[in-house]
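Before any comments, here is the structure.
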Number of protein chains: 2
Amino acid sequence: MAVTLADVAARARVSAATVSRVLSGNYPVAESTRARVLRAVDELEYVVNGPASALAAATSDLVGVLVNDIADPFFGIIAGAVQSEMGAPAAGAEPGRGGEKLAVICNTGGSPERELTYLTLLQRQRAAAVVLTGGAVEHPDHMAAVAAKASRLAASGTRVVLCGRPPIEDAVTLTFDNRGGARRLTEHLLTLGHRRIGYVAGPAERTTTRDRLDGHRAALSAAGLGEGADRLTVHGLYDRSSGYDATLELLRRDDSLTAVVAANDTIALGVCAALRDQGLRIPEDVSVAGFDDLPFSADAVPALTTVRLPLHEAGARAGRLALGREPQPPGGVAMVRSELMARASTAPPRTGAPG
Amino acid sequence: MAVTLADVAARARVSAATVSRVLSGNYPVAESTRARVLRAVDELEYVVNGPASALAAATSDLVGVLVNDIADPFFGIIAGAVQSEMGAPAAGAEPGRGGEKLAVICNTGGSPERELTYLTLLQRQRAAAVVLTGGAVEHPDHMAAVAAKASRLAASGTRVVLCGRPPIEDAVTLTFDNRGGARRLTEHLLTLGHRRIGYVAGPAERTTTRDRLDGHRAALSAAGLGEGADRLTVHGLYDRSSGYDATLELLRRDDSLTAVVAANDTIALGVCAALRDQGLRIPEDVSVAGFDDLPFSADAVPALTTVRLPLHEAGARAGRLALGREPQPPGGVAMVRSELMARASTAPPRTGAPG
DNA sequence: CTGTTAGCGCTTTCAA
DNA sequence: TTGAAAGCGCTAACAG
């Protein structure tokens, strides 16, 4: 069928072992032999058989990247960054063989089952590393299952990296400063003078959702506004239409609120749309804020106040960690800082606002 | 090291072959034996060795999806749809083994070299299928190289599916109606009364860019406005800042234009931002239109007139084609229709507009 | 229905 | 510096 190592060996008049050594380049081979082999590889258009190679060497060049929703730029940016670290094997790479890793993005759709399924699939492939991105689902059973899988992966030599979720054993973790960012964001609103602030949260069982909500509540409590914050919190998905619906619900619960904080920028877009459809101006009537600072946020009208997370940097670092090209942070955990981006969608509330 | 088939066989007191048969489920096995094997698998937490299995069976469960830019929702949506077809192996899947394919998304960043590198990587893995999405680069050398790779992949049993680019031999193709959509879009503007229409195109060497521009030009020519269209066309990348810069350039070339058509929605966002920064209102002073109808487009302010491409459906179909679960279209090529979405960002030009 | 027997194509000691 | 040989873990005839 396909061209094999043996074919190349025969043509180059050397043993298969020699061809293997030339191709993997980790063993001295005479220059002349080397050239002969390389020519044979070229002429035969030989391409290594990955499975065979992985079997014999007991390692593979696959790196798995799990994301909750690949259609969401939040994950697209992180995943792209991880992949960009896998070495676009610049010039001079051996034909048919390079040190490249194949970063494969796996879309769990936020489903715990699929997350586990993909982990098993990657374990089956003896992946070199696995990067889990985004918030984790907090069901005890699921957390235990993921932790167990991670341990087994780590035990069999697969590096496990977490990016944007709480640490677990046997994994290097990059956490996001969701709590701190959310707190600073709400403090910004409080400083502007807002007192009735609605909050559109993500799915209740996600760590990202909880952390951001915690930060928001902490700011409120510190300002003595902890009471009844529940009433002005609505949960939904991390998408635009959830933001839209939640806003309508918030307005129903309290039509005198002067600001709405969304758990992410995509939700914030829906919030803005709903507010506008209700005839409310942003930020004159109601201020709006998001989280993540996705590319479109700066372009929204008005430009969206949000919290910037350096997603690309974080993803790239996760990629390097996955390849073992960067030393592990102390304790195996590092936090990615967030930064408040105050823009036009937030302003002081109407003076003399009711309530 | 890890648990192997032989370990399971020993524990279940059967031969390795039997275990293999139970796990792959494609061969009759006595129910009692089956149960015993499954229990052993469970107790040992056995997970198939993918490479070994792929080597022996000469097939793999990898499906590669190549995208130009995974941070762009256009590709995120398509890739997610492809992946969704790969069978989230519902309930009842064998532990440690399922019929699932692992759809892996590979981000080329639009680079021809990386595209080829990924194809080689996937060939090396003996991927079951490869899906190439989005516009292709039109350099003759590169096109030949991709065609050659595709033939080789097809020859070795890898199904090749194209989604959103022109057909090549040995591949099933889903083309997008870029030309027709673009033409209808510009006709819409002409019907509204616009005569001076700027066009912000994508990178010159991409098929998507060319097709959309062709459609635009065709509409112009049919209206007798073919002359000098070049002067009102600016090329850039498929991103927001290119749209911004290009708009400034267009305004410099002709500050009396009454409409700007962007090659995609993301560019259109930049166009809107630039126009606004120049103190121009949309659509009162200048109409704006995009292409793709990404989720955010309906939410833009004003809502963006654009051309809808059923990206999710197209990706899902590409996925089914890749799995051989859907019959090939006649001739191996099918066109995905596009639909004009006329919204608030386009309106008749100011009456008595200069020029 | 189940076991035996060969490999799949590559890597890697161990010798030479 | 190169070759020979022994598997890596699994699947797929082929018997029985």
Side-chain angles (χ1 to χ4, degrees), chain A residues 1-38 40-41 44-61 94 96-99 123-126 128 156-157, chain B residues 1-38 40-41 44-61 94 96-99 123-126 128 156-157:
Chain A
M1 220 193 70
V3 180
T4 72
L5 237 210
D7 299 331
V8 176
R11 182 172 248 267
R13 314 195 126 279
V14 296
S15 70
T18 300
V19 177
S20 171
R21 292 197 265 252
V22 170
L23 261 22
S24 53
N26 50 13
Y27 207 86
V29 174
E31 192 44 55
S32 60
T33 314
R34 195 183 136 72
R36 206 144 30 91
V37 169
L38 253 21
V41 166
L44 262 26
E45 295 191 318
Y46 171 69
V47 175
V48 181
N49 181 317
S53 158
L55 172 57
T59 65
S60 110
D61 51 9
E94 296 306 350
R97 195 63 167 89
Q123 183 184 1
R124 183 185 304 172
Q125 298 296 334
R126 305 300 188 255
S156 62
Chain B
M1 219 193 69
V3 180
T4 71
L5 236 210
D7 299 331
V8 177
R11 183 171 246 268
R13 315 193 126 279
V14 295
S15 71
T18 299
V19 177
S20 171
R21 292 197 266 251
V22 169
L23 260 23
S24 51
N26 52 12
Y27 209 86
V29 174
E31 193 44 54
S32 60
T33 315
R34 196 183 136 72
R36 205 142 32 89
V37 170
L38 253 20
V41 165
L44 263 24
E45 295 191 319
Y46 171 69
V47 175
V48 181
N49 182 316
S53 158
L55 173 57
T59 64
S60 111
D61 50 9
E94 296 307 349
R97 195 63 165 87
Q123 182 184 0
R124 182 185 305 172
Q125 299 296 333
R126 305 300 189 256
S156 62

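Source: prediction; values computed, not measured. Each chain gets a letter, A, B and so on, in the order its sequence line appears, and its residues count up from 1.
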Can you confirm whether B:N49 sits close enough to B:T4 that some side-chain heavy atom of one is under 4.5 Å from a side-chain heavy atom of the other? no

Just compare D:dG3, D:dT11, D:dG9 and give me whichever is closest to any side-chain atom of B:N49. D:dG9

Flag side-chain contact, heavy atom, 4.5 Å: A:V47 against A:V41: no

Are OP1 or OP2 of C:dC10 and a side-chain N or O of A:S20 less than 4.0 angstrom apart? no

Over how many whole Å does the gap from A:Y46 atom OH to C:dG9 atom C1' extend? 7 Å

B:A56 side-chain proximity, nearest of D:dC8, D:dT11, C:dG3: D:dT11

Measure from CZ on B:R36 to C1' on C:dT2 and round the result to the nearest Å. 11 Å

Determine whether a donor-acceptor pair (N or O, by modelled atom type, separation under 3.5 Å) exists between the side chain of B:R126 and the backbone of B:Q123. yes

Whole-Å gap separating P (D:dT11) and CZ (A:R124): 10 Å

Verify the contact: side-chain N or O of B:S15 to OP1 or OP2 of C:dG3, cut-off strictly under 4.0 Å; return yes or no. yes

Main chain of B:A16, side chain of B:S20: is a donor-acceptor contact present, judged purely on distance under 3.5 Å? no

Distance below 4.0 Å between A:T4 side-chain N/O and C:dG9 OP1 or OP2: no

Whole angstrom value for the distance that separates P of D:dT11 from CG of B:L23: 8 Å

Mind calculating the distance between CZ (A:R34) and C1' (D:dT2) to the nearest angstrom? 16 Å

Calculate the interatomic distance between B:Q125 atom CD and C:dC10 atom C1'; express it in whole Å. 13 Å

Between the base of D:dG9 and the side chain of A:R126, is there any donor-acceptor pair under 3.5 Å? no

From the candidates D:dC14, D:dT11, C:dT12, the one with an atom nearest any side-chain atom of B:R21 is D:dC14

Quick one: are A:L38 and A:V22 in side-chain contact, heavy atoms under 4.5 Å? yes

Could you state the atom-to-atom distance from CG of A:L5 to C1' of D:dG3 in whole Å? 14 Å

Assign A:V19 to base, sugar-phosphate, or nothing according to its heavy-atom contacts below 4.0 angstrom with the strands shown. nothing

From the set D:dA5, C:dG9, C:dT2, return the single nucleotide nearest to any side-chain atom of B:L55. C:dG9

So B:A57, base contact, sugar-phosphate only, or nothing? Heavy-atom distance under 4.0 Å. sugar-phosphate

Side chain of B:A17, heavy atoms from C-beta onward: which of D:dG9, C:dC1, C:dG3 has the nearest atom to it? C:dG3

Look at all strands and tell whether B:A30 reaches a base, only sugar-phosphate, or nothing, counting heavy atoms closer than 4.0 Å. sugar-phosphate

Please give, in whole Å, the distance from D:dC10 P to B:D61 CG? 14 Å

